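This report refers to the structure that appears directly beneath it.
Please read all numbers here as calculations on a predicted model, not as lab measurements. Numbering of residues begins at 1 and proceeds along the displayed sequence.
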Amino acid sequence: MSAADCVFCRILAGQIPALRVFENEDILAFLDIGPLAEGHCLVIPKKHHVLLSDMSDDEVAAVTRHLPRLTRAVMKGVGVEGCNVLVNVGRVASQEVPHVHWHVIPRRPADGLGYRWDASKYPPGRGEQVAAQVAAALKP
């Protein structure tokens, strides 16, 4: 998908309306059109990237340095004590819009939202293998 076809890029260009809550030279934060909870915001980089893994460290830092402030504002603005901040990377991980974005989702007790967290355990020795594989992938 090109930036010209991207719904978030069209929001950035003013071609599609959005309820903007914060904007600077690097990012835009706006209310999700299909919120999971009142105050659910999306935070997007202004530069088009499909996946978080496509972004440079500096580009990610330009977005994420605002997440604490935005999270506090969402929580205060809608009167909640907690929220989820998450980013889905790829369709297999439920990324629906092919432009990297962070969700800030306010949470209330017993709100019915949640995440299926089916924790498991590594068999003996497998955790060490996986750690070594990931560490090796970090090397240039």
| For V63 and M55, what are the C-alpha separation, side-chain angles and deciding distance, and is it a side-chain contact (heavy atoms from CB on, under 4.5 Å)? | CA-CA 11 Å; V63 176; M55 296 177 70; 4.2 Å; yes
Within a radius of less than 6.0 Å around [atom1] of [X], do more than 12 heavy atoms belonging to other residues, nucleotides or ligands occur?
| X | atom1 | answer |
| --- | --- | --- |
| R69 | CZ | no |
| N24 | CG | yes |
| Q133 | CD | yes |
| I33 | CD1 | no |

| query | Between Y122 and V134, is there a shared hydrophobic cluster once you connect ILVMFWY residues whose side-chain heavy atoms come closer than 4.5 Å? | reply |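 They do share one cluster, since a chain of ILVMFWY contacts under 4.5 Å joins Y122 to V134.
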| request: Could you check L70 against C41 for side-chain contact (heavy atoms from CB on, under 4.5 Å), going step by step and ending with a plain yes or no? | output: CA-CA 9 Å; L70 288 166; C41 287; over 6 Å; no
N-O pairing of [X] and [Y] below 4.0 Å:
| X | Y | answer |
| --- | --- | --- |
| K46 | E23 | yes |
| R91 | E96 | yes |
| D26 | K47 | no |

From [X] [atom1] over to [Y] [atom2], what is the distance, rounded to the nearest 0.5 angstrom?
| X | Y | atom1 | atom2 | result |
| --- | --- | --- | --- | --- |
| H40 | N84 | NE2 | CG | 9.5 Å |
| T71 | I105 | OG1 | CD1 | 11.0 Å |
| L51 | N88 | CG | CG | 11.0 Å |
| I16 | F8 | CD1 | CZ | 9.5 Å |
| I27 | L67 | CD1 | CG | 7.0 Å |

| message | Can a donor-acceptor pair be found, under 3.5 Å and without considering hydrogens, that links the side chain of R107 to the backbone of L113? | response | yes
| task | Taking Q95 for its side chain and V97 for its backbone only, find out whether a donor-acceptor pair lies under 3.5 Å. | result |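 Side chain of Q95 to backbone of V97: a pair is present.
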| Can you name the one residue among V43, V21, L12, I11 that meets side-chain contact (heavy atoms from CB on, under 4.5 Å) with F30? | I11
| message | Can you confirm if the aromatic rings of H99 and H101 lie within a centre distance of less than 6.0 Å? | response | no
| task | Hey, can you tell me if H66 and F22 have their rings parallel, tilted or perpendicular (30° and 60° cut-offs)? | result | tilted
| task | Evaluate side-chain contact (heavy atoms from CB on, under 4.5 Å) for W102 paired with L42, printing each intermediate quantity in order. | result | CA-CA 6 Å; W102 283 256; L42 299 176; over 6 Å; no
Where is the tightest heavy-atom contact between [X] and [Y], given as atom of each residue plus distance?
| X | Y | answer |
| --- | --- | --- |
| S56 | E59 | N-OE1, 2.8 Å |
| G39 | V74 | O-CG1, 3.6 Å |
| P106 | C83 | CA-CB, 3.8 Å |
| T64 | P68 | O-CD, 3.5 Å |

| request: Begin from the C-alpha positions of V50 and V100 and carry the test side-chain contact (heavy atoms from CB on, under 4.5 Å) through to its verdict. | output: CA-CA 5 Å; V50 174; V100 66; over 6 Å; no
